[in-house]
Amino acid sequence: MKTPFHELGLKPEITKAIDALGFEEPSPIQKQAIPALMNGFDIVAQAPTGTGKTAAFAIPIMELIDPTKRTVQALVLAPTRELAVQVAEASHSIGRHCRVNVLPVYGGQAYEHQLRGLRAGAHLVVGTPGRVMDHIRRGTLQLDTVRFVVLDEADEMLDMGFIDDIQLILDQTPPGRQMALFSATMPPRIQALARRYMKSPQTIAVAHEAQDVPLTHQVYYETQQRGKRDALTNILDMQEPHSAIIFCRTRSEAADLASMLQARGYGADAIHGDMSQALRERVLAKFRTNKITLLVATDVAARGLDIPDVSHVINFDIPDDADAYVHRIGRTGRMGRKGEAITLVTPRELRLLRVIEKDIHKKLKPLQLPTYEDVAARRTTSFMEELRKTLRSGTGEPYGLVAAELAQEFSPLQIAAGAIQLAYEATGRPALGAAPPAAESGRMNQAEMTRLVLDAGRRRGVRPGDIIKSVAKDAGIPGSDFGNIDVQDDATFVEVRSTVASKILERAAIVSLRGGEGHLTLARQKSARPASSDRRGQKPRDEKPAAQSKFKKSKTKKSKAQKAKR
Ligand code: AMP
């Protein structure tokens, strides 16, 4: 399939990787930054996290690097270890067919590991300023071959006191190198830095125009990335939307989310750019006729379609900018009807949310994620409501006969309670009054979860819904026993309630996947130790899997399913 990325004149290795990531079109910042950087300009770009800024510089870097030379050719400086790992992973994904070695270097990780990576010939180094400086001082990192430098989240780096290190590092790079500076804000110190180190940089900022927003109730929930899916299902259970569009950033995310929702018992389906127009229309017809209530979509797929007014628009992924936000939420609250617009925001995306709010001249209302108790109470009430409706409309004769027969053995109250239990369990929801399962709680209780690892991931077309289906069936457990499912390139981490972990390993360790099977084993458990920081005064960060291990070349063959997906 041709996407607008194909028009940017990128190497086929890169468009192939972008296709696999499910990006359908360049984000506004990418539309401007990629051509400018590929034409050799320096750029200063005002772009917070969430706008696609990483790919905006990673794509031109991958275009530039000559993998046959074993020298450091590009350097990205990022304020935190978390961001350095994230940028390294994203760059690795984009350059996966380019034979480019990407190495994250950050404080808190043993030097030996980083030294090995540097000796092996890293082409792109992504590091925190403190650790990069340490390597320069030790003579383990030379920057005289660098052709491209990026300062990512420059304002954060300056706020954290890295200015001296940054200047010392930039002084080590050759004068002819190209440079890109990304920052959410542009205070005078950033402008001074740009003046000192950059050659007539092009300034890039996504145009901000005042936006007209319908009178829709607009709220946001702050949630960690890993708790997003549970947050979504809790919100769905609380709000019980009559019809909702759930927006995702990529087609793979849309497909995965729809299958996860189906596995958890929701009437959901996806529309995205990988599907033919006819197939999209078919899904849309199901949505229009209320056969499904949740439509999981990407912006591009939703754009050309005549989608009816919906009760809820849910931004599972925050949109790139105010334009996209207004476009998305315009699907609800039409013609004076009441509409709900809900946006999930990770802590890193809060700045992007502020930019959107500024552009639409409106503040979104922050809400607390529902707790397990809220959701359980809501489920009970709506279940009772359904039951009342059925009782009022009169139960059919066969049911009356069953009740009469049981009445010879049990009291009417006992019969009713048993029937309610059976019916409630059939909904696939946790039993009423059960202790909050960790996976269902808006605030996940890690102590109750066990992490398993499956020896297959994205490259074999693994989808969370497939794992839940196979394991739930073989182990005889409900979907609610699953926590976060983190699909990586060649492995998938599956969180399950600790009480069912051994049952799963005994009965369901072989998982049926689209292209064959995978094997589940116990994963190395995450340590409870707080992540160490590169520098005093940094915020504590989430633990991340060691990025290097993911960068090893995979020997896994592509599955048919995965090929078909592309
Ligand atoms: P960033 O602002 O670089 O942190 O990117 C935010 C998220 O957007 C990441 O999850 C990217 O994978 C995703 N992303 C970047 N570019 C695109 C694109 N053109 N289409 C869809 N998703 C994208």
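We use all heavy atoms of the structure for the numbers below, so side chains are in, but hydrogens, waters and symmetry mates are not. One-based numbering, in listed order, for ligands and for the atoms of each.
A salt bridge is absent between Glu13 and Arg99: the closest approach of a Lys/Arg side-chain nitrogen to an acidic carboxylate oxygen does not fall below 4.0 angstrom. By the 4.0 Å N-to-carboxylate-O rule, Glu349 lies close enough to Arg249 to be salt-bridged with it.
Side-chain contact check for Tyr325 and Gln218: at least one donor-acceptor pair (N or O, by modelled atom type) lies under 3.5 Å. A donor and an acceptor atom, one from each side chain of Arg131 and Gln114, are located under 3.5 Å apart. A donor atom on one side chain and an acceptor atom on the other are not found under 3.5 Å apart for Asp320 and Ser27.
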Between ligand 1 and the protein, which N/O pairs are shorter than 3.5 Å?
from, atom 1, to, atom 2, distance (Å)
ligand 1, 2 (O), Gly50, N, 2.7
ligand 1, 2 (O), Thr51, N, 3.0
ligand 1, 2 (O), Gly52, N, 2.8
ligand 1, 2 (O), Lys53, N, 3.3
ligand 1, 3 (O), Lys53, N, 3.3
ligand 1, 3 (O), Thr54, N, 2.9
ligand 1, 3 (O), Thr54, OG1, 2.6
ligand 1, 16 (N), Gln30, NE2, 2.7
ligand 1, 19 (N), Glu25, O, 2.7
ligand 1, 19 (N), Gln30, OE1, 3.0

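A donor-acceptor contact shorter than 3.5 Å is absent between the side chain of His312 and the backbone of Ile314.
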